[in-house]
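Here the structure is laid out as structure tokens; the discussion comes afterwards.
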Amino acid sequence: MPLCLSYVPIGLACGILLHAAGFNFLMTALVSMLVFSGGAQFMIASMLTIQAPLQTILLMLLFLEMRYALLGSSLSQYVRGTSKKFLLIFAASLNDENYAVNYLKFATDKTWTPQNALSVEHFSLLFWTVSNLIGSLVGSFITINLTIVDYALTALFIYMIVMQIKNNLTILIIVISGVIAVITMVWMKSTMGLVVATLLASLIGFALEKILVKKGMKKSFLLKKMKPNAGRKEISKSGD
């Protein structure tokens, strides 16, 4: 319930912004259920307001949502033995917040079942979709300055970046990706520059980390941890 209630304010804001970007009631409902990602939906609204090409939006969504492949794989050990239909529905309604709840419950509660986990996903999806729809209705009665879309998206992704900082190498790649994004967008004069910048920054980060680890520099300044890790063992111990 706390998770579901936390969706209400951000869901209302997302619905308002989607309406401002041209989404009607039905389209808002569809994108809420089929995409089910606050970051992705805010990005869609932002890129549509600047008339970004469809292929750019799809590519950016692909890169943004690829993290769910990793999140889903970490839950796969807990949903073994279920049907393919169950896995399809479970994967389609997975997002960051209900993943965190379910992973913690699976790791600390032996009675937690895949059906319980699916219920968490569906309740969170219900609250998110309804909040989006209410926001869409509210947006039809008020006028929104579309500049707020860029502000909301920027604030959201700054938060996502801060939450993912684990070492100094991450900070370096953040700076490099920002510089590359500016250069590629000026050079290409298109939002496709963001896609190119994403790929280049990812490859540079991967290559640097591989070189540092290969040379035995795990304790180097760039790989120095910024915050402690909370693995499954630590979570299980705290649950005990």
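Here the structure is a predicted model, which is why all the values come from computation and not from measurement.
Taking hydrophobic clusters as Ile, Leu, Val, Met, Phe, Trp and Tyr residues chained together by side-chain heavy-atom distances below 4.5 Å, I180 shares a cluster with F63. Residues L125 and L3 share a single hydrophobic cluster, defined by chaining ILVMFWY side chains whose heavy atoms lie under 4.5 Å apart. Following chains of ILVMFWY side-chain contacts shorter than 4.5 Å, one cannot reach L26 starting from M33, and the two form parts of different hydrophobic clusters. At a threshold of 4.5 Å between side-chain heavy atoms, the hydrophobic network of Ile, Leu, Val, Met, Phe, Trp and Tyr places L58 and M188 in two separate groups. Transitive grouping of hydrophobic side chains (ILVMFWY, heavy atoms separated by less than 4.5 Å) brings M27 and V31 into a common cluster.
In terms of modelled atom types and a separation under 3.5 Å, the side chain of S136 and the main chain of N132 share no donor-acceptor contact. Within the 3.5 Å criterion, the main-chain N or O of V120 finds no donor-acceptor partner in the side chain of N98. Checking side-chain atoms of T184 against main-chain N and O of A181 turns up a donor-acceptor pair under 3.5 Å.
L75 CG to Y103 OH: the interatomic distance, rounded to the nearest 0.5 Å, is 8.0 Å. A distance of 11.0 Å separates CG of L17 from CG of L12, quoted to the nearest 0.5 Å. Here the straight-line distance linking atom CG of L172 with atom CD1 of I174 works out to 9.5 Å at 0.5 Å rounding. Taking OG of S37 as the start and CG of L94 as the end, the distance is 10.5 Å to the nearest 0.5 Å. Rounding to the nearest 0.5 Å gives a distance of 11.0 Å between CG of L199 and CD1 of I204. Here CG of L62 is found 10.0 Å from CE of M60. Values are rounded to the nearest 0.5 Å.
Contact record, V35 with A40: CG1-CB, 3.7 Å, taken as the closest heavy-atom pair. Nearest heavy atoms, Y99 versus L71: CE1-O, 3.3 Å. Between A45 and L18, the shortest heavy-atom contact is CB-CD2, 4.1 Å. A pairwise comparison of heavy atoms in V8 and S131 identifies CA-OG, 3.4 Å as the closest pair.
Side-chain polar atoms of Y68 and N95 form no donor-acceptor pair below 3.5 angstrom. A donor-acceptor pair shorter than 3.5 Å can be found between the side chains of N116 and T113.
F36 is not listed as a side-chain neighbour of E65, based on a closest heavy-atom distance of 4.5 Å or more. With contacts defined as side-chain heavy-atom distances shorter than 4.5 Å, the pair D96/R67 qualifies. Taking the side chain as every heavy atom from C-beta outward, Y78 and P114 never approach each other to under 4.5 Å. Using a 4.5 Å heavy-atom cutoff, the side chains of L137 and L133 are not in contact.
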May I have the list of side-chain donor-acceptor pairs in residues 84-93 shorter than 3.5 Å, sequence neighbours left out?
residue: S93; atom: OG; partner: I89; partner atom: O; Å: 2.9
residue: S93; atom: OG; partner: E121; partner atom: OE1; Å: 2.6

- What do the steps show when you test V196 against W187 for side chain to side chain contact (heavy atoms under 4.5 Å, CB included), and what is the final call? CA-CA 11 Å; V196 175; W187 173 50; 5.6 Å; no

- For H19 and F141, what are the C-alpha separation, side-chain angles and deciding distance, and is it a side chain to side chain contact (heavy atoms under 4.5 Å, CB included)? CA-CA 10 Å; H19 181 272; F141 294 105; over 6 Å; no

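A search for ring pair (Phe, Tyr, Trp, His ring centres under 6.0 Å) contacts involving Y7 returns W128, not counting sequence neighbours. Scanning for salt bridge (charged side-chain N to carboxylate O under 4.0 Å, His left out) contacts around E97 gives an empty result, with sequence neighbours left out.
Within the structure, every pair that satisfies the salt bridge (Lys or Arg N to Asp or Glu O under 4.0 Å) test and touches residues 100-115, not counting sequence neighbours, is listed here: K105-D109. Residue pairs meeting the side chain to side chain donor-acceptor pair (under 3.5 Å) criterion with at least one partner in residues 194-207, sequence neighbours excluded, do not occur; the list is empty.
By the 4.5 Å side-chain criterion applied to Ile, Leu, Val, Met, Phe, Trp and Tyr, L70 is assigned to no cluster and stands alone.
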